[in-house]
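First the structure, in the form of structure tokens, and then the observations on it.
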Amino acid sequence: MDDEALAYERFAVSYAAPAAAALDGVSLRVARGEMVAVLGATGAGKSTLLKCANRLVPTLRRAELRGTLRVLGRPVDGLAVHDLADRVGFVFQDFEAQLFSTSVEEEVLFGLEQLGVDPGAMAERIRRALDSVGLAGFERRDPATLSGGEKQRLAIGAVLALEPELWLLDEPSTDLDPAGRRELFALLGRLRAKRGTLVVVEHDTEAMADADRWVVLDRGRVALAGRPPELLERPDELAALGVRPPDLAVVCRRFGVPAWPLDVERVAERLGALGRRLRAAPNAAAESAGEVVLEARSLRFAYEDQDRPALDGVDFTLRRTEFVALVGANGSGKSTLARRIAGLLDGGSGEVRWRGRPLGALAAGERAAAVGYVFQNPDEQIFAATVGEEIAFGPRQMGCAPEEVWARVRAVIEAVGLGGLEERDPFLLGKGERQKVAVASILALRPAVLILDEPTTGLDFAEQRALMDVLESLHAAGQTIVIITHVPWVVGRYARRGVLLREGRVRFDGAVAELFADEALCREADFVPPEIARLGNRLGAAAVDVERFLAAWE
Amino acid sequence: MRAEMRVNLYIDRDTFLHRLHPQVKLGILAATFASIYAIDRPLLVAPAPVALGLLLFAAGAAGNARRFAPMLLAVPVATFTMWSLFYGYGANAAAAPPRSEAMEFAAAMALKLESFVLSSLLCLSITRVEEFTEALRGLGVPYRVSFTVAMAFRLVPLFLGSALSVVTAQRARGLDFSRGSVLARLRRYVPVIVPVFMGALRRADAMAMALEARGFGRRTRRASFVRSRLAPRDLVVGAALAAVVLAYLSAWALGYGRLGGGR
């Protein structure tokens with residue numbers, strides 16, 4: 001048992017309120033020095049599995065636990081969360097909520113003080129921890145001023161200073177942009193190299209390809225477990241369990257070549273050896289058929305306290321029925337541009353015209369009918385007691401008659417697939433459904449252009465597909481759509497035109513396939529094209545998603 | 001990216017004021033209140049806002065003063081106007097104070113409130129939240145209580161930021177706060193208050209988990225990193241503050257600070 005870090009035996013968890021079974025007879029053993037990725041759909045029990053191991057469940061969330069759980073070789077029954085804090089480190093998805101100090105140094109210091117570490121050793125521990133997470137020199141910075149990736153690294157540094165033997169990471173990359181994700185996964189690699197034991201809940205299978213083991217949960221049970229090279233040969237099973245299989249694994253499976261090692265260059269070699277050729281992929285070119293509805297010229301905008309302008313001379317034209325993806329690193333100006341063209345951000349210079357008229361000259365009702373904006377976090381707008389009332393709010397604000405209000409509510413509920421949930425309390429719905437409520441609330445205003453800020457954040461693969469399929473069907477019905485996203489496969493699968501921003505300037509504006517083909521430009525702007533596109537580039541033909549790649553392969 | 005306004009007031013500088021011991025920093029706040037609270041003569045109160053203003057500049061916190069300029073202007077103007085109109089209101093004609101006394105009292109009140117605002121602003125500009133915890137603990141306040149008080153300071157800016165995001169999100173749905181009667185406008189805040197409140201609950205829940213996971217609430221020995229030791233400068237400043245308070249209290253006891261019957 002000496003090499004055992006974590007052991008669940010016929011372990012079951014039922015929450016008290018709302019009453020629900022989260023884990024149902026899980027048996028799983030993690031050895032010291034092992035890195036295990038826990039995968040699965042929302043509600044599969046992944047977070048619960050982790051939170052039981054440091055006693056967040058049932059200490060802070062009441063639940064009934066059955067079966068056996070040993071952490072670092074010892075049973076944990078009756079222990080409180082803080083009793084395990086020096087041996088079990090926990091990193092949360094929401095990096096904002098786990099930082100509560102006013103400087104980087106104080107953040108790391110907090111845990112050391114709580115655990116009663118010798119004050120004489122604290123400075124050295126802080127130095128070592130910040131050095132390990134690449135934040136040396138940041139000691140006096142206010143954590144609020146760090147980037148997302150830096151915040152998550154600080155959260156890890158604050159845990160690292162406590163020198164835990166076991167790391168539990170609950171979707172640590174979900175809220176990060178590609179640069180932040182790269183930093184995070186590099187850091188996890190370094191922790192692993194030091195023989196750290198890591199259990200990581202993660203949706204990104206490509207990032208977890210180097211783990212020792214994958215464990216896929218489904219409705220509280222272990223549905224699939226094994227080494228990545230074995231499970232990569234079963235992409236269909238992964239997809240059926242709500243896990244997005246890596247693009248390369250799907251392609252390799254289809255053509256009967258081994259997926260491991262999961263590397264674009266190696267897979268390209270293996271596919272190239274088959275002797276088949278890739279014909280021009282049937283990618284839809286950037287659409288330019290519709291008339292111009294919105295035109296922005298020379299937009300400049302700077303936030304208070306920021307040295308660099310958020311927008312630095314941006315021109316942007318939008319035509320009717322386009323599906324545009326705004327991409328680029330955090331801070332590149334995507335959200336600022338989107339809010340500026342939606343009329344939600346005043347100030348700065350430049351001009352936005354809606355069908356030839358200055359956007360600012362439009363009455364509030366006209367503007368709402370021109371551009372609708374769905375914010376990233378649906379919880380920043382939900383307030384009503386029922387889904388129906390929530391969606392009815394916007395049309396009422398526009399002064400619509402009651403019959404008109406409810407006709408619109410019924411229409412958008414149908415359009416986004418929320419049928420049957422009209423009387424449900426929106427606060428009690430899952431994140432995917434709450435996001436649909438947010439989309440429906442804006443759609444009810446019947447905007448000519450729908451802008452969505454990172455609509456898939458925090459959703460699992462199935463929920464992402466469901467939401468994006470709704471947008472695709474709206475687009476097919478003539479809706480003009482602009483999305484801001486960091487998710488490469490979403491851009492490839494759904495958008496037709498890509499606009500890449502970097503440091504407040506447009507670096508690329510054109511067909512998504514052309515954007516993906518220019519890997520050097522993408523790298524420079526911290527955007528990573530999907531692996532399928534990179535594979536296509538190596539095989540001599542641009543491909544934006546797996547379906548189109550397979551269709552192009554003779 | 002959120003269009004957030006900066007709501008944290010601490011200015012990270014290495015000035016003489018920043019280097020003071022946290023308890024001495026709280027002492028500046030306490031001394032301001034203790035000195036001028038009972039003084040009604042504007043000429044005696046006037047040195048306080050002037051000195052505090054100079055200290056704000058010395059602390060490199062002029063930016064905070066600029067941000068709060070509307071408040072720093074509105075507080076004394078409104079206070080002076082109110083008290084100059086209502087001082088002695090209700091007294092019968094024979095006992096009514098002379099007009100000049102009303103003006104003096106109003107000016108003193110305006111200067112006092114201005115001093116309290118400036119003193120608070122100075123204290124927040126030079127003191128980290130963690131120093132507040134340390135100062136309160138040094139005064140014998142239990143750790144959990146002092147941590148909670150300091151945490152409240154930390155959370156206010158976060159909740160304000162969240163409220164701004166919610167207002168923008170609801171404006172995007174056509175919510176207009178400028179139309180209708182007062183009651184109608186108040187009702188329009190429901191779509192803002194509910195998400196902010198729910199978000200606060202969610203954040204509190206997440207924060208509680210994060211705090212516990214890093215050992216908060218452990219009953220074993222807590223250790224304290226020594227952030228600041230009492231230095232000679234603290235003793236000098238402390239003595240100066242005590243002298244100022246003593247001087248003002250003596251002046252008040254001798255009747256110098258009072259209007260009417262006082263000297």
Side-chain angles (χ1 to χ4, degrees), chain A residues 54 56 59-60 80-83 85-86 90 92 94 97-98 100-103 106 109-119 122 140 142 144 158-159 162 303-305 310 330-331 334-336 339 342 344-345 364-365 368 372-373 375 379-383 393-394 397-398 427 441-442 445, chain B residues 1-6 8 10 12 128-131 151 153-155 157-158 161-162 165-166 168-176 179 188 190-199 202-227:
Chain A
N54 80 333
L56 282 168
T59 311
L60 293 188
V81 181
H82 48 249
D83 293 327
D86 52 350
F90 201 104
F92 299 80
D94 182 356
Q98 57 190 321
F100 29 74
S101 302
T102 59
S103 75
E106 290 282 355
L109 188 56
F110 177 83
L112 297 174
E113 288 192 321
Q114 304 305 315
L115 299 185
V117 170
D118 171 18
M122 287 181 183
R140 292 186 68 82
D142 183 345
V159 175
L162 308 180
Y303 290 104
E304 190 190 346
D305 293 338
N330 276 354
K334 308 182 298 294
S335 294
T336 308
R339 288 182 190 197
L344 293 173
L345 199 59
Y373 197 104
F375 284 73
D379 299 330
E380 285 183 345
Q381 68 160 66
I382 289 176
F383 73 98
F393 174 75
Q397 293 301 307
M398 290 177 78
F427 289 106
S441 302
I442 298 298
L445 301 169
Chain B
M1 188 201 306
R2 281 179 185 173
E4 284 172 348
M5 67 173 193
R6 210 177 70 83
N8 184 17
Y10 178 75
D12 189 15
R128 284 189 186 276
V129 167
E130 291 81 4
E131 289 182 301
M151 201 66 181
F153 276 105
R154 181 75 181 138
L155 289 178
L158 297 176
S162 155
S165 300
V166 172
T168 314
Q170 302 299 35
R171 268 182 56 208
R173 299 168 76 191
L175 187 62
D176 184 355
R179 285 187 292 120
R188 283 199 199 103
V190 172
V192 173
I193 291 165
V194 173
V196 170
F197 185 69
M198 295 302 284
R202 258 190 284 268
R203 185 183 278 273
D205 189 43
M207 230 167 212
M209 287 198 186
L211 284 166
E212 284 270 335
R214 277 205 262 150
F216 185 74
R218 212 159 144 134
R219 286 179 200 83
T220 53
R221 179 178 63 93
R222 266 194 83 261
S224 277
F225 185 72
V226 182
R227 291 174 177 81

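These figures come from a predicted structure and were not determined experimentally. Chain A is the first sequence line, chain B the second, and so forth, proteins listed ahead of strands; every chain is numbered from 1.
- In terms of heavy-atom pairs under 4.5 Å with chain A, the best-connected choice from B:A208, B:A213, B:G199 is B:A213.
- Of all non-hydrogen atoms in A:A310 and A:T336, the two that sit nearest each other are CB-OG1, 3.8 Å.
- Below 30°, between 30° and 60°, or above 60°: for B:F216 and A:F110 the angle between ring planes is below 30°, a parallel geometry.
- Shortest non-hydrogen contact noted between B:R214 and A:Q98 is NH2-O, 2.7 Å.
- Side-chain contact check for A:T59 and B:E212: no donor-acceptor pair (N or O, by modelled atom type) lies under 3.5 Å.
- Residue A:N54 touches chain B through its side chain alone, counting heavy-atom pairs closer than 4.5 Å.
- Under the 4.0 Å criterion applied to side-chain N and carboxylate O atoms, B:R203 and A:D94 are not assigned as salt-bridge partners.
- Between B:E130 and A:T102, some side-chain heavy-atom pair lies under the 4.5 Å cut-off.
- Of all non-hydrogen atoms in B:G217 and A:Q114, the two that sit nearest each other are N-OE1, 4.2 Å.
- If you measure heavy-atom distances from B:L211 to chain A, the contacts under 4.5 Å come from both the backbone and the side chain.
- Heavy-atom pairs under 4.5 Å with chain B were tallied for A:D379, A:L162, A:V159; the largest tally goes to A:D379.
- Per-residue counts of heavy-atom pairs under 4.5 Å with chain A were compared for B:L155, B:L175, B:V129; the largest is that of B:L175.
- Proximity to chain A involves both the backbone and the side chain of B:M207, based on heavy atoms less than 4.5 angstrom apart.
- In this structure, the side chains of A:F427 and B:V194 come closer than 4.5 Å at one or more pairs of heavy atoms.
- Within the 4.5 angstrom heavy-atom criterion, only backbone atoms of A:I382 (N, CA, C, O) approach chain B.
- Chain A forms the most heavy-atom pairs under 4.5 Å with one residue out of B:A210, B:P195, B:A172, and that residue is B:P195.
- Taking chain B as the reference chain and counting heavy-atom pairs below 4.5 Å, the highest number among A:F393, A:Y373, A:F90 is found for A:F393.
- With a threshold of 4.5 angstrom between heavy atoms, A:D142 approaches chain B through side-chain atoms but not through N, CA, C or O.
- Residue A:F92 touches chain B through its side chain alone, counting heavy-atom pairs closer than 4.5 Å.
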